[in-house]
Peer 1: 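My structure is below; once you've seen it, I'll send some questions.
For reference, positions follow the sequence shown, starting with 1. For the numbers below, each heavy atom of this structure counts, side chains included, while hydrogens, waters and symmetry mates do not. The structure presented is a predicted model; accordingly, all values stated were derived computationally and were not measured.
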Amino acid sequence: MSFRDYHIILASNSPRRKELLAGLDIDFDVKVLPNIAEDFPKDIPASDVARYISMEKAFAYKNLIKETDLVITADTVVIVGEEILGKPIDAADAKRMLTTISGKTHQVVTGVCFTTTQFQHSFKVSTDVTFKELSEEEMDYYIKTYKPYDKAGAYGIQEWIGYVGVTELIGSYFNVMGLPVQRIWQELNKI
């Protein structure tokens, strides 16, 4: 059975994830269950958190899908050292996060999980992103203009701050946007 024999469901409201998955020229629907917890045990390594959360999201769908469904869940985290930067709660939190990544290299890790009634397969992709030293004015302008409250680490690489701030990237650009589509394509073709 090929992945094309499945009804693919993207379990995400992210416009970036929808756009990226659509770029693979595969048919899919978007279905999102409300109030899925994104908690994780505090004793797992930061680099495993996104994969863990993607699997937890998938678990919520397991008993609701048909035999022909393949659900794709994902979660992205930004890691500086061992600190996970989630989505900022307000402008001050966004400024704290941008200050934390300013002038440093951090990791963006996306965990992805494929779930059917017959199997579950998960993986993670990591990308190193280096930012220049950001000025107060640059951070304030970005936060005020782009309101990055729905983005892990308080930034979108595809937005203004990525244009002016990112000096080096090692790994998948699309992973930093929120969905490692090359790896997804590779893994789908193994089905």
Side-chain angles (χ1 to χ4, degrees), residues 12-21 23-24 38-57 72-113 122-187:
S12 175
N13 274 326
S14 164
R16 293 166 299 283
R17 287 192 178 129
K18 290 179 210 173
E19 175 188 347
L20 290 168
L21 191 59
L24 293 179
E38 295 189 8
D39 300 328
F40 56 91
K42 300 303 178 204
D43 61 343
I44 66 172
S47 62
D48 291 336
V49 167
R51 183 171 171 257
Y52 179 90
I53 293 173
S54 75
M55 292 172 68
E56 285 293 300
K57 289 178 180 179
I72 300 173
T73 52
D75 191 72
T76 302
V77 297
V78 170
I79 304 168
V80 180
E82 279 295 309
E83 181 186 1
I84 295 173
L85 302 181
K87 296 172 184 172
I89 56 172
D90 57 24
D93 198 28
K95 180 89 171 260
R96 178 191 67 80
M97 290 182 187
L98 290 175
T99 301
T100 300
I101 65 175
S102 177
K104 297 185 186 101
T105 299
H106 63 272
Q107 286 73 47
V108 178
V109 181
T110 301
V112 178
C113 188
S122 65
F123 56 90
K124 64 182 179 181
V125 175
S126 181
T127 303
D128 291 342
V129 181
T130 304
F131 266 85
K132 74 176 188 83
E133 287 283 345
L134 297 168
S135 70
E136 295 280 326
E137 294 79 18
E138 288 168 333
M139 289 186 274
D140 291 342
Y141 171 79
Y142 178 67
I143 294 165
K144 182 180 176 193
T145 306
Y146 290 87
K147 298 174 181 41
Y149 307 118
D150 66 335
K151 296 173 178 69
Y155 79 93
I157 194 169
Q158 73 280 7
E159 295 176 338
W160 182 85
I161 199 78
Y163 295 176
V164 303
V166 174
T167 60
E168 185 176 20
L169 184 132
I170 300 171
S172 168
Y173 172 83
F174 299 114
N175 181 53
V176 182
M177 282 181 67
L179 203 62
V181 285
Q182 187 280 331
R183 179 72 183 274
I184 285 175
W185 178 255
Q186 178 183 331
E187 297 295 333

Peer 1: Among V108, T127, V125, whose side chain to side chain contact (heavy atoms under 4.5 Å, CB included) with P180 holds?
Peer 2: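 The side chain to side chain contact (heavy atoms under 4.5 Å, CB included) with P180 is passed solely by V125 among V108, T127, V125.
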
Peer 1: Could you check if a side-chain atom of I157 sits within less than 4.5 angstrom of a side-chain atom of L169, using non-hydrogen atoms only?
Peer 2: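 In contact.
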
Peer 1: Quick one: CD1 on I72 to CG on L179, what's the gap to the nearest 0.5 Å?
Peer 2: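 Taking CD1 in I72 and CG in L179, the distance rounds to 7.5 Å.
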
Peer 1: Is it the case that the side chain of T130 and the backbone of T167 share a donor-acceptor pair, with hydrogens and angles ignored and the cut-off at 3.5 Å?
Peer 2: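 No; judged by distance alone, with no hydrogens or angles, the pair does not exist.
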
Peer 1: Would you call T105 and E168 a side-chain contact if the rule is heavy atoms closer than 4.5 Å?
Peer 2: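 The answer is no, as the side chains (C-beta and beyond) never meet within the 4.5 Å cut-off.
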
Peer 1: Can you measure from NZ (K57) to CG (D75) and round to the nearest 0.5 angstrom?
Peer 2: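 Between atom NZ of K57 and atom CG of D75 there are 4.0 Å.
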
Peer 1: Indicate the atoms forming the closest heavy-atom contact of V176 with Y155, along with that distance.
Peer 2: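 Looking at all heavy atoms of both residues, the closest pair is CG1-OH, 3.7 Å.
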
Peer 1: Nearest 0.5 angstrom please: W185 CH2 to L21 CG, how far?
Peer 2: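 If I round to the nearest 0.5 Å, the distance is 10.5 Å.
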
Peer 1: Nearest 0.5 angstrom please: E82 CD to Q107 CD, how far?
Peer 2: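 Separation between the atoms: 9.0 Å.
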
Peer 1: Can you check whether M177 reaches F174 side chain to side chain, under 4.5 Å on heavy atoms?
Peer 2: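 Result yes, sub-4.5 Å side-chain heavy-atom pair found.
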
Peer 1: To the nearest 0.5 Å, tell me how far K151 NZ sits from M97 CE.
Peer 2: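 Here the interatomic distance stands at 13.0 Å.
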
Peer 1: Work out which heavy atom in S102 is nearest to a heavy atom in K132; give both atom names and the distance.
Peer 2: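 Closest pair (atom of S102, atom of K132, distance): OG-O, 3.7 Å.
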
Peer 1: List the steps and the verdict of side-chain hydrogen bond (donor to acceptor under 3.5 Å, both in side chains) for T76 and R16.
Peer 2: CA-CA 12 Å; T76 302; R16 293 166 299 283; over 6 Å; no

Peer 1: Distance check, rounded to the nearest 0.5 Å: L98 atom CG versus D93 atom CG?
Peer 2: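 Answer rounded to 0.5 Å: 10.0 Å.
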
Peer 1: Can you name the nearest heavy-atom pair linking S54 to G111, along with the distance?
Peer 2: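 Taking every non-hydrogen atom into account, CB-O, 3.4 Å.
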
Peer 1: Check this for me, if you would: do K87 and E38 make a salt bridge, where the nitrogen-to-carboxylate-oxygen distance has to be below 4.0 angstrom?
Peer 2: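 Salt bridge absent between K87 and E38.
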
Peer 1: Salt bridge check: are E83 and K104 linked by an N-O gap of less than 4.0 Å?
Peer 2: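 No.
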
Peer 1: Tell me whether the rings of F131 and H106 are parallel (<30°), tilted (30 to 60°) or perpendicular (>60°).
Peer 2: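 Taking H106 first and then F131, their aromatic rings lie parallel (interplane angle under 30°).
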
Peer 1: Compute whether any side-chain donor of one residue and acceptor of the other, for N175 and T110, lie under 3.5 angstrom apart.
Peer 2: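 T110 and N175 do have a side-chain donor-acceptor pair below 3.5 Å.
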
Peer 1: Return all side-chain donor-acceptor pairs below 3.5 angstrom for residues 42-53, not counting sequence neighbours, or 'none' if the list is empty.
Peer 2:
{"from": "D48", "atom 1": "OD1", "to": "K124", "atom 2": "NZ", "distance (Å)": "2.5"}
{"from": "R51", "atom 1": "NE", "to": "S122", "atom 2": "OG", "distance (Å)": "2.9"}
{"from": "R51", "atom 1": "NH2", "to": "S122", "atom 2": "OG", "distance (Å)": "3.0"}

Peer 1: Could you check whether any side-chain heavy atom of E19 comes within less than 4.5 Å of a side-chain heavy atom of Q158, counting everything from C-beta outward?
Peer 2: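 Contact flag for E19/Q158 side chains = no.
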
Peer 1: With side chains defined as the heavy atoms from C-beta onward, is the minimum distance between Y142 and V164 less than 4.5 Å?
Peer 2: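 No, every pair of side-chain atoms sits at 4.5 Å or beyond.
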
Peer 1: Hey, what's the ring geometry for Y146 with Y141, parallel, tilted or perpendicular (30° and 60° as the breaks)?
Peer 2: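 Geometry flag for Y141 against Y146: perpendicular rings.
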
